[in-house]
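What follows is a single structure, written as structure tokens, with notes after it.
What's counted below: heavy atoms across the whole structure, side chains too, no hydrogens, waters or symmetry copies. To find a chain, count down the sequence lines: A is the first, B the second, and so on, and within it residues start at 1. Keep in mind it's a predicted model, so treat the numbers as computed, not measured.
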There are 2 protein chains.
Amino acid sequence: MPLPQTEMPGRLQAHFAERGIRMTSQRRAILRVMETASKHLDAAQILRKAQRLDSSVDRSTVYRTLRLLKRHGLIDELDLMHLNGEGHYYERRIGSDHIHMACLRCGKISEFVSASFERLKDQVEKDCRFHILVSRLEIGGYCAACRASQSQSAASPPAPPR
Amino acid sequence: MPLPQTEMPGRLQAHFAERGIRMTSQRRAILRVMETASKHLDAAQILRKAQRLDSSVDRSTVYRTLRLLKRHGLIDELDLMHLNGEGHYYERRIGSDHIHMACLRCGKISEFVSASFERLKDQVEKDCRFHILVSRLEIGGYCAACRASQSQSAASPPAPPR
DNA sequence: TTAAGTGCAAATATTTTGCTGTCAC
DNA sequence: GTGACAGCAAAATATTTGCACTTAA
């Protein structure tokens, strides 16, 4: 009886095993961090969290493992509009792609799943005869809350747009 | 008699004048580079080209000017799937957004304008009540040519997908 | 005149690499 | 046993900043 496709704990580790990729204590820690992360961690955060599980985890191992996960299409790399610095954020790839929206005023990141997005990608594949492996749609602007407060008051100091 | 809206040389400089932004010889050089660029320059390339027009242009001025242009929505910042290194690419914002597709095998960048993309953004604005200022859709995968050659021969050594 | 802009050098931030030793299989 | 993986330190890459001087408006 097949297990459900999404959110299964240990899915990343299972992937490694299936593909014959060697498992180490350090990788186990990093994979667990990625599996249990609620959202959008950058390399430094992943390092810190992984070190709590295995204090020997080194920064370079984090980068090497992230590269491995990326190459295998198991995680996605995001910019989130570079709201803080020039680094990248990572998230597990689960199910269908979603759009990331970053509020340039309050910094909130929201996500949006849209059938139109899937259709758009299908159109690209067909019209451009391009085989899509990764796709990233990131949007910057003002979220509903900030639009409201912005139009009413110039009182609360907005975070400067980058 | 009004000049055409697109591709008008000096358009960026005109923008600066309209908005009362101070013009300097260095900025003039950088703006000219952005205006005449065929495509997708990174900061180092912009620096080199600008220095040919005004040898005094410094790297920091390039970064400062790019930030200014970004803030004013006159250029877009791209990753192009980080095919070479972690830097960014810049292009003038002209007319409607386009999708960037990066071939992970041959490195070719292609572009695609799609009405569906515009509709998708409209949907996001409405459904999420989010006011979009910038959007970036980048796709990585295999272009038509590489799909063809890849399925037939393992002869030509593919550029490794990072 | 003077606020804004600049070059220069140094700092910061992020990611990668070389090397040598270790460990999973 | 051995090839893949690890830590460590140092390098490479990309971008930003502090400061004193210059310049556009």
Salt bridge (Lys or Arg N to Asp or Glu O under 4.0 Å) against A:E91, all qualifying residues, sequence neighbours excluded: none

Within residues 42-56 of chain A: residues closer than 4.0 Å to DNA chain C (heavy atoms): A:A43

In whole angstrom, what separates B:D58's CG from D:dT15's C1'? 12 Å

I want to confirm an ordering. Mapping A:R59 and A:R64 to their closest nucleotides on DNA chain C, which one lands closer to the 5' end? A:R59

Sub-4.0 Å heavy-atom contacts from residues 22-30 of chain A onto DNA chain C, ordered by number: A:R22, A:M23

Rounded to whole angstrom units, what separation is found between the CG atom of B:D79 and the P atom of C:dT15? 11 Å

Grab the CG-P distance between B:L69 and D:dT15 for me, whole Å please. 15 Å

Does A:H88 make a side-chain N or O approach to OP1 or OP2 of C:dT15 shorter than 4.0 Å? yes

B:R119-B:S114 side chain donor-acceptor pair, cut-off 3.5 Å: no

Interatomic distance, B:R67 CZ vs C:dG5 P [rounded to whole Å]: 12 Å

So how far is it from A:L41 CG to A:L66 CG, rounded to the nearest 0.5 Å? 9.5 Å

Any ion pair linking B:R136 and B:D79 (charged N to carboxylate O, less than 4.0 Å)? yes

Output yes when at least one side-chain N/O atom of A:Y63 is less than 4.0 Å from OP1 or OP2 of C:dT15, else no. yes

Could you check whether A:D97 pairs with A:K121 (Lys NZ or Arg NE/NH1/NH2 to Asp/Glu carboxylate O, under 4.0 Å)? yes

Could you check how far CD of B:Q13 sits from P of D:dA25, rounded to whole Å? 11 Å

Partners passing ring-ring contact (aromatic ring centres under 6.0 Å, His included) against A:H98 (at least two apart in sequence or in another chain): A:H100

Could you check how far CZ of B:R71 sits from P of C:dA4, rounded to whole Å? 12 Å

If I take atom CZ in residue B:F16 and atom C1' in nucleotide C:dG5, what distance separates them, rounded to the nearest angstrom? 12 Å

Whole Å only: how far is the CG atom of A:L31 from the P atom of D:dC5? 12 Å

Are A:K70 and A:E77 close enough for a salt bridge, meaning some N to O gap below 4.0 Å? yes

With DNA chain D as reference, determine whether B:G87 or B:S60 sits nearer its 5' end, using the nearest nucleotide of each. B:G87

Anything under 3.5 Å between a donor and an acceptor, one on a side chain of residues 125-132 of chain A, the other on a protein residue two or more places apart or in another chain? List them.
unit_1	atom_1	unit_2	atom_2	d
A:E125	OE2	A:I132	N	2.6
A:D127	OD2	A:Q123	NE2	3.3

According to the salt bridge (Lys or Arg N to Asp or Glu O under 4.0 Å) rule, which pairs have a member within residues 40-54 of chain A, sequence neighbours left out? none

